[in-house]
Amino acid sequence: MLTQRPKGTNDLLPGQTEKWRYIENTIRQVCSEYGYQEIRTPIFEHTELFQRGVGETTDIVEKEMYTFLDKGYRSVTLRPEGTASVCRAYVENKLYAGPQPVKLYYVGPMFRYERPQAGRFRQFNQFGIEVFGSTNPAVDAEVITLAMDFYERLGLKNLEVHLNSVGCRRCRPVHKAKLQEFLRPNLDKFCPNCQGRFERNPLRMLDCKNPGCRELSAGAPTTTQCLCEECAEHFEQVKGYLEKVGVRYRVDERLVRGLDYYTKTAFEIMVEEIGAQSAICGGGRYDGLIEEIGGPATPGIGFALGMERIFSALAVQGIEIPLETKADVYLAALGEPAVQEAFKLQAQLRKLHLKVEMDYLARGLKAQLKAADRLKAKYAVILGEDELARGAATVRRMDSGDQQEVKLIDLIDFLAVNK
RNA sequence: GUGGAUGUGGCGAAGUGGUUAACGCACCGGAUUGUGGUUCCGGCAUUCGGGGGUUCGAAACCCCUCAUCCACCCCA
């Protein structure tokens, strides 16, 4: 126990952290180009925020939150997702008073109490974006495009955008009524889960994976059939914009997001081939959320994508993330006087921003060259007693094995020039 | 929360009742004394997730427990 990490968490070790940094750099690059600015919110919030923001009837709130009392007996919760916090920050810091739209992104860990499996963890990382203050369907298209652009830069293939519109405050009740009317005659034949959803959220019944339920709900009125004029027009325009920039999508009328706050546009990006958890990105518009948590009526839209799932997809698609070279120069010193000299050289070379390493285990030359080889160093500088006596060092090119003697006073220049 | 699989050295993996727990990779050392990536030689588990039991005897059989993985639900 003592030396075992909590269930569903991960250690990112050297080598992996480098890959994560690469992904994060790509995120920052894309966001910067699209005009999104980073926001960092706390990793825990008052529990009510998620209850209200994410929705009381969602799985997240019903059974997946890491909730505990702090020493002041306040209920706090490790954030299960990013949108609620960002909305809270938007309201609390009165970002609505500044120029609109406000385009934000975040990267960081999220927490959900679930049984881990492939692509699912209790602590996992998401990159997400949110746009506040515009109902323009072009924004919906931009958000989706940004996600696809990001994946494309990483080299991912076979991604599918699933797109739907779930309507707004006006058309949702209409749809709900029609849906219940359609489903009611066969209600007793649905799975218990669906029966429970019938009153609270019949929309979710369309999303059930149970084949029996799917059959029973086949032909049910879809959200898109019941859209009000405004929502229908919005949906058409989103599709139009996507087509203009060549983002392929598939309308999926059964796509219903698991979170309660969505309105109009809902989408998921899928990669099959990474196992049961094939959704790598999910998002949509949430025009009522800011108001719901106590802010001024403000439209919003965003997505969240799972970083661990990026790695799963990269792995199955055989995509390697380029790694940095570990060392330019390896100083192999033999004997205490040489070690002293090497230590000084190391510091001087580092001032020139060369990647330099030396041996700290008093190993033999053979072992030191082996270390240089492992680090893929370009040069090994051999500093032994002989060389030291001559005020020189042997510089060995690791790839060719060529070596030459260089005076110590010329060594820094030599390595700087030939790096 | 439910179901299934698995747990042997740093990693992969053989072994399914009988004296010293294969092998591969990695790691460390050596092959005439200061030269890497190839080769050769050597080293590296008083012990088989943990606890209890059966037995003359268990890593192997039984019970309990812990952990990991996968799936369901749902999602990132």
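Chain letters run A, B, ... following the sequence lines, proteins first and then strands; every chain starts at 1. Values in this document were obtained by computation on a predicted structure and should not be read as measured data.
Residue pairs meeting the salt bridge (charged side-chain N to carboxylate O under 4.0 Å, His left out) criterion with at least one partner in residues 300-325 of chain A, sequence neighbours excluded, are A:Arg21-A:Glu324. Listed by first then second residue, pairs satisfying side-chain hydrogen bond (donor to acceptor under 3.5 Å, both in side chains) with a partner in residues 349-358 of chain A read A:Gln346-A:Arg350, not counting sequence neighbours. The salt bridge (charged side-chain N to carboxylate O under 4.0 Å, His left out) analysis of residues 119-135 of chain A, with sequence neighbours excluded, yields the pairs A:Glu114-A:Arg120. Pairs of residues two or more places apart, or lying in two chains, that qualify as salt bridge (charged side-chain N to carboxylate O under 4.0 Å, His left out) and include a residue from residues 28-53 of chain A are A:Arg28-A:Glu38, A:Glu33-A:Arg153, A:Glu38-A:Arg40, A:Glu45-A:Arg88, A:Arg52-A:Glu292.
Using P as the reference atom, B:G24 and B:A58 are 30 Å apart when rounded to the nearest Å. Rounded to the nearest Å, the gap between the C1' atom of B:C66 and that of B:C25 is 29 Å. Nucleotides B:U65 and B:G57, compared at atom C1', are 25 Å apart to the nearest Å. One C1' atom belongs to B:C27, the other to B:G12, and the distance between them is 15 Å to the nearest Å. For the P atoms, the distance from B:G9 to B:C23 is 16 Å, rounded to whole Å. Rounded to the nearest Å, the gap between the C1' atom of B:G29 and that of B:C44 is 11 Å. If you take atom P in B:A13 and the same atom in B:U6, they sit 13 Å apart, rounded to whole Å. Using C1' as the reference atom, B:G18 and B:A60 are 12 Å apart when rounded to the nearest Å.
A:Tyr36 has its side chain out of reach of A:Tyr106: every pair of non-hydrogen atoms, C-beta onward, lies at least 4.5 Å apart. Side-chain atoms of A:Asp373 and A:Tyr330, non-hydrogen and from C-beta on, never get closer than 4.5 Å to each other.
Between A:Pro6 and A:Ala279, the residue anchored closer to the 5' end of RNA chain B is A:Pro6, taking for each the nucleotide with the nearest heavy atom. For the pair A:Gly275 and A:Gly283, both in contact range of RNA chain B, the more 5′-proximal nearest nucleotide belongs to A:Gly275.
In this entry the distance linking CE of A:Met65 with P of B:A76 reads 15 Å, nearest Å. Here the P atom of nucleotide B:A76 and the CE atom of A:Met110 are 11 Å apart, to the nearest Å. With rounding to whole Å, A:Met205 atom CE is found 15 Å from B:C73 atom P. Going from atom CD of A:Gln4 over to atom C1' of B:C66 covers 8 Å, rounded to whole Å. Atom P of nucleotide B:C69 and atom CD1 of A:Ile274 are separated by 16 Å, given to the nearest angstrom. Between A:Phe150 atom CZ and B:A76 atom C1' there is a gap of 13 Å when expressed in whole angstrom units. Distance OH (A:Tyr262) to C1' (B:C75): 11 Å, rounded to an integer number of Å. B:C73 atom P lies 16 Å from atom CZ of A:Phe190, rounded to whole Å.
Geometrically, A:Lys103 does not engage A:Tyr105 in a cation-pi contact defined by less than 6.0 Å to the ring centre and at most 45° from the axis.
Among residues two or more places apart in sequence or in another chain, the ring-ring contact (aromatic ring centres under 6.0 Å, His included) test is passed with A:Phe50 by none. Applying the ring-ring contact (aromatic ring centres under 6.0 Å, His included) test to A:Phe182 and every residue at least two apart in sequence or in another chain returns nothing. For A:Phe267, the ring-ring contact (aromatic ring centres under 6.0 Å, His included) test picks out no residue, with sequence neighbours left out. When the ring-ring contact (aromatic ring centres under 6.0 Å, His included) test is applied to A:Phe311, the partners found at least two apart in sequence or on another chain are A:Trp20.
For A:Glu215, the CD atom sits in a loose shell: 12 or fewer heavy atoms of surrounding residues, nucleotides or ligands are nearer than 6.0 Å.
Put simply, the residue from A:Glu243, A:His162, A:Lys239 that forms a side chain to side chain donor-acceptor pair (under 3.5 Å) with A:Tyr249 is A:Glu243.
Look at A:Arg285 and A:Asp287 and you find a salt bridge, because one of the NZ, NE, NH1 or NH2 atoms lies within 4.0 Å of a carboxylate O, short of that distance. The existence of a salt bridge linking A:Arg397 and A:Asp399 is confirmed by a sub-4.0 Å separation between a basic side-chain nitrogen and an acidic carboxylate oxygen.
Counting only Watson-Crick and G-U wobble pairs whose two key distances fall under 3.5 Å, RNA chain B forms stems of three or more stacked pairs at B:1-7 with B:66-72, B:10-12 with B:23-25, B:27-31 with B:39-43, B:49-53 with B:61-65.
An OP1 or OP2 oxygen of B:U68 is reached within less than 4.0 angstrom by a side-chain nitrogen or oxygen of A:Lys7.
A donor N or O paired with an acceptor N or O is not found under 3.5 Å between the base of B:A71 and the side-chain atoms of A:Gln277. One can find a donor-acceptor pair under 3.5 Å joining the base of B:A76 and the side-chain atoms of A:Arg112. Contact of A:Arg115 with B:G3 (side chain to base): a donor-acceptor pair of N or O atoms is detected under 3.5 Å.
Once rounded to the nearest 0.5 Å, the distance linking CG of A:Asp328 with CG of A:Leu349 reads 9.5 Å.
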Give me the distances for all protein-to-nucleotides 33-37 of chain B N/O pairs that come in under 3.5 Å?
unit_1	atom_1	unit_2	atom_2	d
B:G34	O6	A:Asp386	N	2.9
B:G34	O6	A:Asp386	OD1	3.0
B:G34	O6	A:Asp386	OD2	2.7
B:G34	O6	A:Glu387	OE1	3.3
B:G34	N1	A:Glu387	OE1	2.7
B:G34	N1	A:Glu387	OE2	3.3
B:G34	N2	A:Glu387	OE2	2.7
B:U35	O2	A:Arg396	NH1	3.0
B:U35	O2	A:Gln403	OE1	3.4
B:U35	N3	A:Gln403	OE1	3.3
B:U35	N3	A:Gln403	NE2	3.1
B:U35	O4	A:Gln403	NE2	3.0
B:G36	N7	A:Arg396	NH2	2.7
B:G36	O6	A:Arg396	NH2	3.1
B:G36	O6	A:Met398	O	3.2
B:G36	N1	A:Met398	O	2.2
B:G36	N2	A:Asp373	OD1	2.8
B:G36	N2	A:Met398	O	3.0
B:G36	N3	A:Asp373	OD1	3.3
B:G37	O4'	A:Asp373	OD2	3.0

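Scanning residues 300-323 of chain A for heavy-atom distances under 4.0 Å to RNA chain B yields A:Ala304, A:Gly306, A:Arg309. Only A:Gln117, A:Ala118, A:Gly119, A:Arg120, A:Phe121, A:Phe124, A:Gln126, listed by number, bring a heavy atom of residues 117-132 of chain A to less than 4.0 angstrom from any atom of RNA chain B.
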